[in-house]
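Read the structure below first, then the notes.
Only this structure's heavy atoms are used, side chains among them; waters, hydrogens and symmetry mates stay out. Per chain, numbering begins at 1; letters A, B, ... match sequence-line order.
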There are 4 protein chains.
Amino acid sequence: MQKGRLEAFSDGVIAVIITIMVLEMKVPHGTDPAALAPLIPVFVSYVLSYVYVGIYWNNHHHMLHATKTVNGPILWANLHLLFWLSLIPFVTGWMGENHFAEIPVALYGAVLLMSAISYYVLSRCLIKHDGRESRLGSAVGKDFKGRISVVIYVVAILLSFVDRWIALGLYFSVALLWFVPDRRIERMREP
Amino acid sequence: MQKGRLEAFSDGVIAVIITIMVLEMKVPHGTDPAALAPLIPVFVSYVLSYVYVGIYWNNHHHMLHATKTVNGPILWANLHLLFWLSLIPFVTGWMGENHFAEIPVALYGAVLLMSAISYYVLSRCLIKHDGRESRLGSAVGKDFKGRISVVIYVVAILLSFVDRWIALGLYFSVALLWFVPDRRIERMREP
Amino acid sequence: MQKGRLEAFSDGVIAVIITIMVLEMKVPHGTDPAALAPLIPVFVSYVLSYVYVGIYWNNHHHMLHATKTVNGPILWANLHLLFWLSLIPFVTGWMGENHFAEIPVALYGAVLLMSAISYYVLSRCLIKHDGRESRLGSAVGKDFKGRISVVIYVVAILLSFVDRWIALGLYFSVALLWFVPDRRIERMREP
Amino acid sequence: MQKGRLEAFSDGVIAVIITIMVLEMKVPHGTDPAALAPLIPVFVSYVLSYVYVGIYWNNHHHMLHATKTVNGPILWANLHLLFWLSLIPFVTGWMGENHFAEIPVALYGAVLLMSAISYYVLSRCLIKHDGRESRLGSAVGKDFKGRISVVIYVVAILLSFVDRWIALGLYFSVALLWFVPDRRIERMREP
């Protein structure tokens, strides 16, 4: 089975996710700068989520670039990843409108955690399909960055009840960690 | 006529459908877990509909993979299927916000029923175009799973006025039944 | 310049237009059939607009299938067509929510009229680029169906102030007229 | 790395942006022409933004047509451009609903300015990747039109506090300036 439609469908879903998030920034009624003030946390949340969804699109792009064909389990692992990504606009809106209150911040982390786990599952399905000896398999290997992200998300979710700003700082840190596309896959492609 | 744009357009419409459903989960105003409680039925409805739309995308993908070209009636049969799928966000929202009341549950089933029928019509148009002796024709054959789904939907719609939880259970059962992509087409593709 | 991205972008825009129209059907609060009653004109409007957008996608598909490359004016003629199509969700919602009042019905016709004119302009740009002797040029020829539609829209807009049901009937008639994909182009493709 | 998915994703995001802008035109409750009157500035804002997003899609199309492969920095420069474009529906709505008040007009210009800068950054990334001696590099050259646009945006933002109609006039002027697709790249493609 060719990967073309899987890529096209994922591009479509991620394009809609990244764009409807901006709908959570409701147009304010006033016209003075003060009218924009309550939107600042909403905007900060939007930027963070935009970067995260951008990272997922980027890495999804890289990972599928290194593969050739797909099968049934891969289709579902991909839909599973898109499911968690589709919840990002909801938790972004909840977190932003409530000025980073504890529980919304924790739930935001939980959605990031589930997205990371489902991305990991998708990568395992792809490697299983391609063979561990394949370019993708040997490149991703133990997936250190994926594992450390999961640990940081769990810590951040727990810490969000102690100090939500630390939790938020950790979310930004993981985003930075992933900002650079996966060198392992990138390196693999250069021979 | 090539099938490329039919696939691309269907991917686009299904991607938008699957993503705008999440807009029905309105961001709550409170920040405590209790604020999320009324969203639980909305979330459960979202998960069910997400799985259904995912199944349709998956099967659509498989079915069109087994075909080569399309014609006018196929374009319209496809638009007809997308029409019923486009109503899923509406009935999902109505069912979820009303905590699975009888009539919304029945209407949800009616949209699933019409989607199944229009999918069946599309498959017949494709087989007619490809020839009953074609790979697709011999693979789909009598389409047992499609017919049993229609029967279950009709039973569920009627039962939703007796006990809506049974109806809902039946919707989940059909989703499970289809979760595995169509073995018949899959088998056919193996040489 | 290849036509691939023009097709992909148009598919994306039309997919979003056809899907966000359904957002105008606001989920009702009650759960009895009476709660759905006010939605009937909204639903009828949705069906009519869905068929129209489907026709435009279908004909756009056929017309671009018969062409090979595109140029700057074609890109803008296409964006111009998409502009008028993008107004269809707005006029659909206005007409449906106001139970087919005179002015919304007339404005709906005006958007259909502008869509038809911009489609005609696009077809002329394509023929000019391809050459009047080309397959597309000789196939479309005088474009009788396009011209008669424009006349009917103008008549319907004027009649909507006399009897809006006649206007609505005319809109449905033109949809029927176009329902069959363009035989001229279809015939042309047969050797 | 092939440019196919970058184009498909950008097409998807721009298609959603251009279409959700129309959602800011809320369906009015009345049915007389007076009910449409408050929508006139919203409509004018929509037209202006539609033309701008259309110009960006057109130029993006041209620029990527002249390139062959992409790399990591190009992916992020492209996401950066899409980020600013994704804010256009928000500022369009704010400006339109407030009948072109000073601060919304200035903020609208700021988003246009950032879009122009991020487009410029993307073009530099593409030229750096392709080589200054490449077709793209020699064609874009000093990018006079890009630089003059940035200057006009800055002037317009400052003037919006003096006379917002002049600012708005300047936004329309830049749109006109870019309306014609980039002759330099177009010319380059001619042998």
Side-chain angles (χ1 to χ4, degrees), chain C residues 1-21 23-26 42 45 53 69-107 110-111 164, chain D residues 3-36 39 42-43 46-66 178-183 185-190:
Chain C
M1 214 189 304
Q2 297 303 305
K3 66 179 176 175
R5 265 191 90 179
L6 179 77
E7 290 184 334
F9 182 69
S10 307
D11 283 350
V13 171
I14 297 175
V16 180
I17 288 172
I18 216 167
T19 328
I20 63 173
M21 274 195 302
L23 293 178
E24 290 297 335
M25 287 210 295
K26 302 280 178 358
V42 181
S45 307
V53 178
T69 57
V70 293
N71 59 10
I74 291 171
L75 293 187
W76 279 107
N78 192 57
L79 276 165
H80 182 230
L81 168 62
L82 296 177
F83 175 78
W84 293 106
L85 295 182
S86 81
L87 295 179
I88 288 183
F90 174 78
V91 288
T92 304
W94 200 37
M95 184 171 79
E97 283 178 29
N98 291 295
H99 298 218
F100 306 106
E102 284 85 358
I103 292 172
V105 167
L107 194 71
V111 169
R164 57 225 165 98
Chain D
K3 65 178 178 176
R5 265 191 90 179
L6 179 75
E7 290 184 334
F9 182 69
S10 306
D11 283 350
V13 171
I14 297 175
V16 180
I17 289 172
I18 216 167
T19 327
I20 63 174
M21 273 195 302
V22 89
L23 293 178
E24 290 298 334
M25 286 209 297
K26 302 281 177 356
V27 172
H29 288 295
T31 62
D32 47 342
L36 288 179
L39 284 175
V42 181
F43 182 72
Y46 175 58
V47 172
L48 179 61
S49 295
Y50 187 94
V51 171
Y52 262 111
V53 177
I55 287 167
Y56 273 105
W57 179 74
N58 246 338
N59 286 339
H60 191 270
H61 184 158
H62 280 84
M63 191 161 64
L64 274 152
H65 189 261
W178 280 99
F179 190 74
V180 180
D182 207 313
R183 282 282 156 81
I185 304 185
E186 197 114 40
R187 199 178 305 132
M188 175 195 75
R189 273 205 310 281
E190 289 152 15

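Taking 4.5 Å as the limit, every side-chain heavy atom of D:Ile18 sits out of range of all side-chain heavy atoms of C:Leu82. In this structure, C:Phe83 and D:Val47 have side chains that are in contact, with non-hydrogen atoms separated by less than 4.5 Å. Contact check for C:Phe90 versus D:Leu39: side-chain heavy atoms found under the 4.5 Å cut-off.
Interface summary for chain C: among D:Pro33, D:Ala8, D:Gly30, the most heavy-atom pairs under 4.5 angstrom belong to D:Gly30. Here D:Leu36 is the residue among D:Leu23, D:Ile20, D:Leu36, D:Val16 with the most heavy-atom pairs under 4.5 Å with chain C.
Only the side chain of C:Glu24 comes within contact range of chain D, judged by heavy atoms closer than 4.5 Å. Contact of C:Leu107 with chain D is made through the side chain alone, with heavy-atom distances under 4.5 Å.
Counting all heavy atoms, side chain and backbone alike, D:His65 lies closest to C:Gln2 at NE2-N, 4.1 Å. Between C:Ser86 and D:Val22, the shortest heavy-atom distance links the atoms O-CG2, 3.4 Å. The shortest heavy-atom contact between D:Tyr46 and C:Leu87 is CE2-CD2, 3.8 Å. Heavy atoms only, all atoms of each residue included: C:Gly12 and D:Ala15 are closest at C-CB, 3.7 Å.
Although no hydrogens or angles enter the test, the distance criterion places no donor-acceptor pair under 3.5 Å between the side chain of C:Trp94 and the main chain of D:Thr31.
Atoms CZ and NE2, from C:Arg5 and D:His61 in turn, are 6.0 Å apart once rounded to the nearest 0.5 Å. Rounding to the nearest 0.5 Å gives a distance of 9.5 Å between CG of C:Leu6 and CG of D:Asp11. Note that CG of D:Asn59 and CG of C:Leu75 are 10.0 Å apart. Values are rounded to the nearest 0.5 Å.
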